[in-house]
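Taking it in order: structure first as structure tokens, then the write-up.
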Amino acid sequence: MRHILSMLVENESGALSRIAGLFSARGYNIESLTVAPTDDPSLSRMTLVTCGNDDIVEQIKKQLNKLIDVVKLQDLADSEHTEREMMLIKLKAGRQDREELKRLTEIFRAKIIDVTEISYVVELTGASRKLDAFIQAVPEGLITEVVRSGAIGISRGDKGLTL
Amino acid sequence: MELSGAEITIQALIDEGVEYVFGYPGGAVLHIYDALSKREDQIKHILVRHEQAATHAADGYARATGRVGVCLVTSGPGATNAVTGIATAYMDSIPMVVLTGQVPTPVIGSDAFQEVDTVGITRPCVKHNFLVKDVKDLAVTIRKAFHIASSGRPGPVVVDIPKDVTDPNIRIPYAYPREVSMRSYSPAQRGHQGQIRKAVEKMLAARRPVIYTGGGVVLGEASASLVDLVRSLGFPITSTLMGLGAYPMSDRQFLGMLGMHGTYEANMAMHETDCLVAIGARFDDRVTGKIEHFCPHAEIIHVDVDPASISKTVRVDVPIVGPVQSVLQDMLSILKELGGKPDQTALDAWWRQIDEWRGMDCLRYDRGSGLIKPQFAVETLHKVTNGELYLTSDVGQHQMFAAQFYPFDKPRRWINSGGLGTMGFGLPAAMGVQLAFPDAQVACISGEASILMCIQEMATCKQYDLPIKVILLNNGYMGMVRQWQEFFYDSRYAHSYVDALPDFVALSNSFGHVGMRVEKPDELEGAMQEAFALKDRFVFLDVIVDPTENVYPMVAAGKGHHEMQLPPTMSDRELA
Ligand SMILES: Cc1cc2nc3c(=O)[nH]c(=O)nc-3n(C[C@H](O)[C@H](O)[C@H](O)COP(=O)(O)OP(=O)(O)OC[C@H]3O[C@@H](n4cnc5c(N)ncnc54)[C@H](O)[C@@H]3O)c2cc1C
Ligand SMILES: Cc1ncc(C[n+]2csc(CCOP(=O)(O)OP(=O)(O)O)c2C)c(N)n1
Ligand SMILES: [Mg+2]
């Protein structure tokens with residue numbers, strides 16, 4: 001099963017490599033990983049998407065919690081949560097495909113943010129699955145480039161992942 | 001008090017109460033060595049002959065005393081040489097602080113002379129590591145390193161110190177922090193009371209209980225409580241290689257080691273038990289054998305300070321996260337409070353079954369041989385030393401024979417590399433032990449292949465007059481490898497024969513030590529007595545043993561505990 005692990009980690013140079021190293025050393029899966037600063041300059045927020053059976057994910061969480069740089073960890077799969085990922089996708093948009101691509105963008109509530117004679121750049125935000133679906137929907141051969149941010153997530157309700 | 005970074009490093013070690021630093025100098029640590037040279041009245045430095053030995057010596061010191069072992073090595077090759085010893089300590093959860101020199105901060109990342117990414121290289125085999133970029137962080141980082149190394153599940157911590165951080169001309173006020181607070185590190189102090197109660201209830205209800213203990217009991221200084229619990233319950237107990245001695249091995253309730261080379265009775269008891277109580281053990285694959293066959297009838301209780309050890313390879317029914325000592329104390333008081341007793345009739349029947357297994361005498365060997373059997377050598381060692389040794393070991397058959405035939409009755413007496421299985425560990429580890437206990441009898445049991453991996457340390461032993469006894473079980477083969485090749489590769493002995501061995505007697509002499517060789521069984525005891533009578537000398541005893549002997553019983557990889565291979569001297573009828 002897919003799990004979104006959300007972590008507060010010490011904002012130190014070694015933290016990212018410790019976490020990435022743990023996954024490669026123990027053969028765990030990383031689907032995506034994002035890191036960015038938070039409102040507290042001493043902490044970064046890291047969101048890691050992994051998959052595995054319950055035993056493996058349990059072990060992943062224990063191993064992450066053991067890392068001294070990991071201050072707090074939350075498995076978003078444990079509760080109601082919202083997930084978002086952003087994608088920028090460059091499409092070949094020749095005259096004959098423009099209408100179709102525009103329609104697709106509308107259906108997915110995406111935005112065309114750059115246009116040339118022969119291309120579009122489309123911005124799309126949503127759950128990772130929605131981004132996958134968009135890619136699927138683009139007619140064969142029209143994708144030039146895909147860049148995705150990796151998923152981030154936050155729990156619903158008034159409780160937050162704080163110290 | 002204003003100190004330079006180099007002086008801070010040394011002062012911090014002194015403030016930690018460090019007795020010995022095991023090390024080897026080089027460019028990046030010269031400021032530190034200079035500062036050290038002025039303080040040798042308060043802290044002693046042991047100059048090893050290879051950085052690997054510095055780490056093993058510090059490790060041996062830590063295993064024998066329970067205190068943090070300390071090493072100091074230079075950047076680049078100094079640090080990489082130390083890696084094997086760091087990994088060895090990591091796998092066995094040994095508290096250690098390793099200070100490594102690093103190139104000056106301005107040139108880090110430029111492939112400077114003797115630069116390696118020490119923090120990167122050691123990351124997967126340390127509990128934690130630090131790169132100190134500012135002298136102001138030095139004292140607190142060293143304090144944190146000792147705190148992390150020695151608390152919770154212990155382990156090695158590396159502190160990488162760039163040369164400019166130790167600059168003798170930059171002095172700052174020094175005060176050693178007594179406490180450190182780390183918001184993301186707080187090891188469990190006590191087990192969950194409800195879980196402990198549940199465990200005790202299950203133990204009292206068990207009909208065929210087994211207590212399975214490991215290195216955690218030694219690391220957690222919980223021997224006395226363990227003995228109380230085991231005696232008051234009357235349960236059988238077995239231990240991993242790492243836990244030997246935490247419960248007296250010569251006691252009747254002790255079934256011997258379990259696992260790949262464990263005893264028949266211990267492994268059969270594991271197979272048949274209905275209630276397994278795992279205490280400070282981590283269900284290693286050498287212990288469990290094939291997981292699908294592991295303890296098929298048991299409910300499992302597991303006490304461990306590291307939550308990640310629990311349900312890692314074997315799923316358990318009652319997890320208890322906490323230090324063994326406090327959990328055992330809690331168990332004892334709950335037992336008292338409940339006033340319950342285990343089902344004595346069931347327990348008697350269980351013991352009758354165990355005694356039947358014991359009757360198989362699975363450790364028997366040919367006592368009539370004209371060659372010295374390695375088992376006989378260990379038994380003789382036990383006799384000559386009254387079971388009082390601190391015994392370090394290298395890796396191989398000799399290690400297993402020592403574990404099987406030298407019953408340790410106290411913790412911290414059996415010192416070996418279990419998790420990593422590092423050949424070359426034994427001799428330097430013995431140096432650390434002998435320094436910690438100058439008046440104790442310390443021996444290193446080794447094989448002719450292993451001993452060559454850190455043989456240079458005979459020079460260190462000479463320099464510091466360490467009266468260690470090396471007991472070499474010389475079978476002319478990498479015996480453990482040869483055994484696997486005999487069993488699993490149709491006796492094709494690919495490169496397990498060590499050709500061109502040195503004359504170990506002459507070699508010891510050339511290092512300034514006493515060397516002795518013994519080849520006949522009836523001369524062995526006398527030779528050992530002679531060796532141990534030389535109280536202030538390092539003695540190398542080269543014992544020529546049967547080259548073909550194998551370690552039995554053996555649970556081959558991928559087999560269950562009940563599928564042990566027993567010694568060939570047992571007739572088929574006895575096995576049936
Ligand atoms: C050639 C060879 C053959 C081997 N054959 C065997 C064999 O037949 N049988 C065998 O048993 N081993 C054997 N080993 C050793 C094996 O590889 C493992 O090292 C060993 O089984 C692990 O022991 P352990 O489970 O006690 O764990 P350790 O590595 O000692 O780990 C200790 C556990 O206790 C926990 N702990 C630490 N401190 C505390 C505390 N204060 N409170 C609570 N918990 C704590 C830790 O978190 C950890 O989970 C062999 C090794 C070699 C090299
Ligand atoms: C550094 C290292 N390299 C290789 C091994 C694999 N290995 C395990 S036991 C062994 C043979 C040890 O031979 P010896 O020291 O003579 O001991 P014996 O088994 O003969 O008692 C080897 C090569 C190891 N454990 N460590
Ligand atoms: Mg050998």
Side-chain angles (χ1 to χ4, degrees), chain A residues 1 3 5-28 30 33 35 37-46 48 50 52-75 78 160-163, chain B residues 87 90-91 93 105 108-109 117-134 137 141 144-145 147-149 151-160 180-188 282-283 291 302 304-316 319 321:
Chain A
M1 192 187 139
H3 288 250
L5 305 181
S6 216
M7 286 171 271
L8 292 174
V9 303
E10 297 287 355
N11 185 9
E12 281 178 18
S13 58
L16 176 60
S17 52
R18 265 183 236 283
I19 290 168
L22 175 80
F23 275 72
S24 63
R26 293 188 182 267
Y28 304 144
I30 300 186
L33 175 63
V35 204
T38 63
D39 54 329
D40 176 346
S42 71
L43 290 173
S44 307
R45 174 94 173 218
M46 195 175 284
L48 194 152
T50 185
N53 64 35
D54 289 353
D55 287 348
I56 290 175
V57 173
E58 193 56 36
Q59 188 58 214
I60 290 175
K61 289 192 267 182
K62 285 173 172 177
Q63 293 291 349
L64 284 169
N65 267 318
K66 239 172 104 164
L67 294 177
I68 286 166
D69 290 333
V70 173
V71 184
K72 212 155 187 190
L73 180 150
Q74 184 183 29
D75 183 351
D78 288 344
L161 182 61
T162 49
L163 292 193
Chain B
Y90 179 68
M91 289 297 280
S93 305
T105 45
I108 286 181
D117 175 8
T118 301
V119 165
I121 288 175
T122 59
R123 186 180 302 120
C125 59
V126 292
K127 183 168 173 187
H128 196 60
N129 58 18
F130 296 95
L131 171 64
V132 183
K133 290 192 197 132
D134 187 331
D137 299 331
T141 305
K144 281 183 184 170
H147 173 61
I148 293 169
S151 53
R153 178 180 186 167
V157 178
V158 167
V159 183
D160 200 25
V180 277
S181 73
M182 298 177 67
R183 60 183 173 186
S184 60
Y185 178 70
S186 52
R282 60 182 172 82
F283 296 81
I291 298 282
H302 188 188
D304 203 295
V305 74
D306 178 5
S309 276
I310 292 177
S311 295
K312 180 170 64 176
T313 56
V314 171
R315 211 192 261 223
V316 306
V321 178

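Every chain is numbered from 1 and lettered A, B, ... according to where its sequence line falls, protein lines coming before strand lines.
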Checklist entry - So does B:K133 have more than 12 non-hydrogen atoms from other groups sitting under 6.0 Å from NZ? => result no
Item to check | side-chain contact (heavy atoms from CB on, under 4.5 Å) partners for A:M46, two or more places apart | outcome: A:M7, A:V9, A:L16, A:I19, A:L33, A:V35
Checklist entry - By side-chain contact (heavy atoms from CB on, under 4.5 Å), which residues pair with B:D134, not counting sequence neighbours? => result B:K136, B:D137
Next on the checklist: Tell me which one of A:I68, A:L8, A:N65 satisfies side-chain contact (heavy atoms from CB on, under 4.5 Å) with B:S184.
Outcome noted: A:I68
Item to check | Closest heavy-atom pair and its distance - B:S311, A:Q59 | outcome: O-NE2, 4.3 Å
Next on the checklist: Which heavy atom of A:K66 sits nearest to which heavy atom of B:A308, and what is that distance?
Outcome noted: CD-CB, 3.8 Å
Checklist entry - Tell me, do A:L22 and B:R123 make a side-chain contact under 4.5 Å, heavy atoms counted? => result no
Checklist entry - Which region of B:D306, side chain (C-beta onward) or backbone (N, CA, C, O), has a non-hydrogen atom less than 4.5 Å from a non-hydrogen atom of chain A, or is it both or neither? => result side chain
Item to check | Heavy-atom proximity to chain A below 4.5 Å, by part of B:I310 | outcome: both
Checklist outcome for this item: Bottom line for A:I56: the part with an atom under 4.5 Å from chain B's heavy atoms is neither
Item to check | Interchain contact, A:S42 with chain B, by part (heavy-atom threshold 4.5 Å) | outcome: both
Next on the checklist: Using a 4.5 angstrom heavy-atom cutoff, name the option from B:R153, B:K127, B:R315 with the most pairs to chain A.
Outcome noted: B:R315
